[in-house]
Amino acid sequence: MATAVVDHPLREALKVERVSPTIDFLNILLYGDPGVGKTYLCGTAEDHEKTSPVLLIDIEGGTKTIRNRNIDVLSARSLNDVQKIYNTLVKAEKDMYYQTVILDSLTELQKLDMRFVMKQAKDKAKDPDKVDIDVPSQREWGITLNHTRAIVRGFRDLPCNTIITCLAHATMDDNGNLAGVFPSVPGKAKAEVPGFMDIVGYYSVRMQGTEKVRRLQFAKTAKVIAKDRTDTLGDYIDDPTFPQIFDIVHKGEN
């Protein structure tokens, strides 16, 4: 049972706010293998009046599956490109046109950022010949991790639905068996990035008889990173759409 709110000088001095009982927007980390249909799933956001219009920030160059949709696409080939788009969205915060913004994908963005970070390291080095741009040091990993944190937090906090995609990274045990599946971002980001998002879904294809079924898993297991802070989506949804996810979450509030 919720505790009754009472007036108190400390609450007034701190200017505290109560947690909203409703979920205005969804923020989702969607990860899976190449070709599983992540971009297509994101594109279904067009099909709901509360998740459309849609802006897709294309980092991978893989928009063919949504070519027949009425979705605005911006190409970004560097962290700087993404930052400029983000800054423009923030400036329009009070009059946000888009109801869903998609960043596709964080895996590719981090790789582009690492190339830029390593180029800077080489350009600024006293002895550039000693810097191998393909072998980042702990310093460069730390820089790109901070960049990744800032981007994810920034887009997550926009006043709209946010979907961030990632490739999946599978690890194997000594016997060649699957040990775990994670979002494909390096180092500490594997644990930190999912922590920033309310919903983390692992998207995969499986066979049911002779039929292919695309499954979006929200239940964390010993081998799969996933979660649902809204506690409405269950363990998984087969052949999901974004409007379906949106409606389940908002009906679950009632």
Side-chain angles (χ1 to χ4, degrees), residues 15-31 38-110 112-113 116 144-166 185 189 192-201 229-230 241-247 249-250 253:
K15 296 181 172 57
V16 296
E17 297 180 358
R18 299 290 289 179
V19 175
S20 173
T22 61
I23 300 170
D24 295 323
F25 306 112
L26 303 185
N27 60 79
I28 298 177
L29 178 67
L30 171 66
Y31 75 102
K38 297 184 295 297
T39 304
Y40 182 87
L41 172 55
C42 290
T44 64
E46 181 202 348
D47 299 331
H48 196 300
E49 62 178 6
K50 292 187 177 180
T51 61
S52 182
V54 180
L55 172 66
L56 186 141
I57 303 168
D58 172 35
I59 302 163
E60 287 191 335
T63 58
K64 290 184 176 62
T65 60
I66 60 167
R67 64 188 180 279
N68 295 320
R69 286 194 168 276
N70 185 24
I71 291 175
D72 289 348
V73 176
L74 283 174
S75 178
R77 294 296 179 264
S78 69
L79 185 74
N80 189 48
D81 289 345
V82 174
Q83 187 67 55
K84 287 179 180 178
I85 295 168
Y86 170 75
N87 291 342
T88 303
L89 291 170
V90 168
K91 287 179 183 178
E93 186 170 359
K94 293 181 181 178
D95 187 27
M96 177 62 77
Y97 170 71
Y98 297 105
Q99 296 212 67
T100 301
V101 173
I102 302 158
L103 190 64
D104 187 27
S105 73
L106 188 65
T107 302
E108 185 63 20
L109 180 60
Q110 189 279 324
L112 291 172
D113 183 50
F116 176 76
T144 193
L145 174 59
N146 285 336
H147 291 172
T148 301
R149 286 177 182 138
I151 285 294
V152 172
R153 284 172 172 160
F155 276 87
R156 175 201 64 185
D157 292 338
L158 287 172
C160 61
N161 300 294
T162 305
I163 308 173
I164 298 177
T165 73
C166 270
V185 284
E192 290 191 15
V193 168
F196 296 149
M197 308 296 280
D198 288 335
I199 299 171
V200 179
R229 284 181 180 152
T230 72
T241 66
F242 189 67
Q244 180 185 15
I245 295 167
F246 185 89
D247 283 342
V249 169
H250 285 84
E253 294 182 271

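Heavy atoms only: backbone and side chains are in, while hydrogens, waters and symmetry mates are out.
- Between D247 and K50 no salt bridge is recorded (no basic side-chain N to carboxylate O distance below 4.0 Å).
- T148 and Q110 share no donor-acceptor pair across their side chains, judged by distance under 3.5 Å alone.
- Annotation for D95: atom CG does not count as buried by contact number, only 12 or fewer foreign heavy atoms lying within 6.0 Å.
- Residue T51 is tested with T100, I163, T44, I245 for a side-chain contact (heavy atoms from CB on, under 4.5 Å); the sole match is T100.
- Between V54 and the choices V101, N70, I71, the side-chain contact (heavy atoms from CB on, under 4.5 Å) rule is met once, by I71.
- Side-chain contact between I57 and F155 is present, with at least one heavy-atom pair separated by less than 4.5 Å.
- In this structure, N87 and Q83 have side chains that are in contact, with non-hydrogen atoms separated by less than 4.5 Å.
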As a quick check of understanding, evaluate salt bridge (charged side-chain N to carboxylate O under 4.0 Å, His left out) for R69 and D47, giving each step before the final call. CA-CA 10 Å; R69 286 194 168 276; D47 299 331; 2.9 Å; yes

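- Within the 4.5 Å cutoff, no side-chain heavy atoms of Y97 are placed close to those of L55.
- Between the CD1 atom in I164 and the OG1 atom in T107 there is a gap of 11.0 Å [rounded to 0.5 Å].
- A search for side-chain hydrogen bond (donor to acceptor under 3.5 Å, both in side chains) contacts involving D72 returns Y98, not counting sequence neighbours.
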Apply side chain to side chain contact (heavy atoms under 4.5 Å, CB included) to the pair L79 and L112, showing each step before the final yes or no. CA-CA 7 Å; L79 185 74; L112 291 172; over 6 Å; no

